[in-house]
Amino acid sequence: MHDEQVTHDRIIESFDGRVKRRSDRRAFFTAAIGAAAVGGAFAFADPALAQTSLNDNDVLNFALNLEYLEAQFYLYAVNGSGLPANLTANGAGTTAGGTVTGGAKVDFSGDPLVGAYAREIAADEQAHVAFLRTALGSNAVAMPNINIDGSASGAFTAAARAAGVVGSSDTFNPYSSPNNFLLGAFIFEDVGVTAYKGAAPLLSSKIFLEAAAGILAVEAYHAAIVRTTLYSKGISALVDATEKISNARDTLDGNPTLDAVRGIGPDDDQGIAPSGSGTTLTANLAPLNSNGLAYSRTTGQVLNIVYLNAGTATMGGFFPNGVNGNIKSTT
């Protein structure tokens, strides 16, 4: 019990340095909100909303690309194999799905609880793919080429190196352990939540909007499972890794104008480091703004992250040849 307390105290000490940053962040939000209110309006700058030529099929196909990626990662992690071919071809059945580079079965025997979570999430993501394909019918795009490789040349390693989670010559393999699997999942899950929230205003059909809200809720449950499990392990290296990944995603998705009502802001990503200590220790399992709202990302911002490119791009990272459909550029 004494050893556990010592470990806990050390972890808390390592987090205390982040308290000021978290307080400054909230102060910034409060000041910015007040300034906007005095001006009489919030900024509603959003490049994605300007894409008036997009229709609901375009938005759902954009979401389908992301679901292909998540489903393949989780299915390989739990089964050692991915989606069946009938769930990767285009809806018309005229184009086969793309290739999957990498993917491997994780040995969850040392952490069966994480294995149980992984199996549930994998089933959910496959269901999302099947649902979106059914909703789109013959308009569903085929799965693009996907890179979920855990080797030195894989997208996960590129992401981890860019974030500083591993060294510039080191490898990050999300399939090598349950803990690494959780970090791999962390890379995706928060992005999925912000992607669905940001895309919601682009949908004109209330039926599709309600369905998208249902998927968003499930993705938020997934993100909470991943964040809570990482936090509960009490391992400072894992918490530090989430902060580094969060900072990297903030760098990739740019510096959008603050809008606290819609949940848009320049600091729209957070790791799981808590604030305070002792009786004031406060977890950060739900990454929210000052109004308690989840963040939104435009389609371009989402692509910046999955392409691992902060500039103008149409491919890269986890989608080496880009996504399929009419929404494929970061601009």
Side-chain angles (χ1 to χ4, degrees), residues 11 15 18 66-67 69-78 102-104 106 108 111 113-122 124-125 147-150 154-166 170-197 216 218-253 267-274 283-288 294-295 297 301-302 304-306 308 317-318:
I11 293 171
F15 293 151
R18 298 187 178 93
L66 302 179
E67 295 295 349
L69 173 62
E70 290 189 326
Q72 295 290 25
F73 169 63
Y74 287 111
L75 288 170
Y76 268 96
V78 301
V106 178
F108 291 112
D111 200 332
L113 189 62
V114 173
Y117 293 156
R119 286 185 286 275
E120 178 183 7
I121 297 175
D124 294 346
E125 300 299 356
N147 186 318
I148 51 171
D149 194 9
F156 277 109
T157 293
R161 287 177 180 174
V165 174
V166 299
D170 295 327
T171 298
F172 176 72
N173 181 0
Y175 312 103
S176 63
S177 70
N179 283 353
N180 273 14
F181 163 79
L182 287 170
L183 287 178
F186 179 83
I187 291 174
F188 292 142
E189 288 302 335
D190 287 339
V191 179
V193 174
T194 58
Y196 273 100
K197 183 170 179 289
L216 186 156
V218 174
E219 297 294 348
Y221 281 128
H222 293 170
I225 289 172
V226 172
R227 294 173 70 92
T228 302
T229 305
L230 282 166
Y231 181 79
S232 66
K233 286 180 175 290
I235 301 174
S236 59
L238 290 178
V239 177
D240 286 341
T242 69
E243 292 293 317
K244 291 175 180 178
I245 293 169
S246 167
N247 290 337
R249 291 190 302 220
D250 264 333
T251 299
L252 287 169
D253 71 10
D267 187 8
D268 57 2
D269 212 304
Q270 299 166 19
I272 61 172
N284 189 31
L285 301 180
L288 309 174
Y295 289 96
R297 282 189 173 98
Q301 288 178 296
V302 173
N304 281 131
I305 293 172
V306 296
L308 302 180
F318 296 97

Of I235, L285, T242, which is the lone residue that meets side chain to side chain contact (heavy atoms under 4.5 Å, CB included) with L230? T242
What's the separation between atom CD1 in I305 and atom OG1 in T251, rounded to the nearest 0.5 Å? 10.0 Å
Any R227 side-chain heavy atom under 4.5 Å of N284 side chain: yes
Roughly how far, to the nearest 0.5 Å, is the CZ atom of F156 from the OH atom of Y175? 5.0 Å
Contact between F172 and N180 at the side-chain level, heavy atoms closer than 4.5 Å - yes or no? yes
4.5 Å side-chain heavy-atom contact, I121 and E70: no
Interatomic distance, T157 atom OG1 to D149 atom CG [nearest 0.5 angstrom]: 7.5 Å
Salt bridge check: are K197 and D268 linked by an N-O gap of less than 4.0 Å? no
Student check: side-chain heavy atoms of Y221 and D124 closer than 4.5 Å: no
Within the structure provided, determine whether F181 and V78 are in side-chain contact (heavy-atom separation under 4.5 Å). no
Does some side-chain heavy atom of Q301 sit less than 4.5 Å from a side-chain heavy atom of R249? no
Do L238 and L182 come close enough that some side-chain heavy atom pair is under 4.5 Å? no
For a 4.5 angstrom cut-off between non-hydrogen side-chain atoms, does D267 reach D250? yes
So, are D190 and R297 salt-bridged, with charged N and O less than 4.0 Å apart? no
Quick check, are the ring centers of F188 and F318 under 6.0 angstrom apart? yes
From T194 OG1 over to D253 CG, what is the distance, rounded to the nearest 0.5 angstrom? 8.0 Å
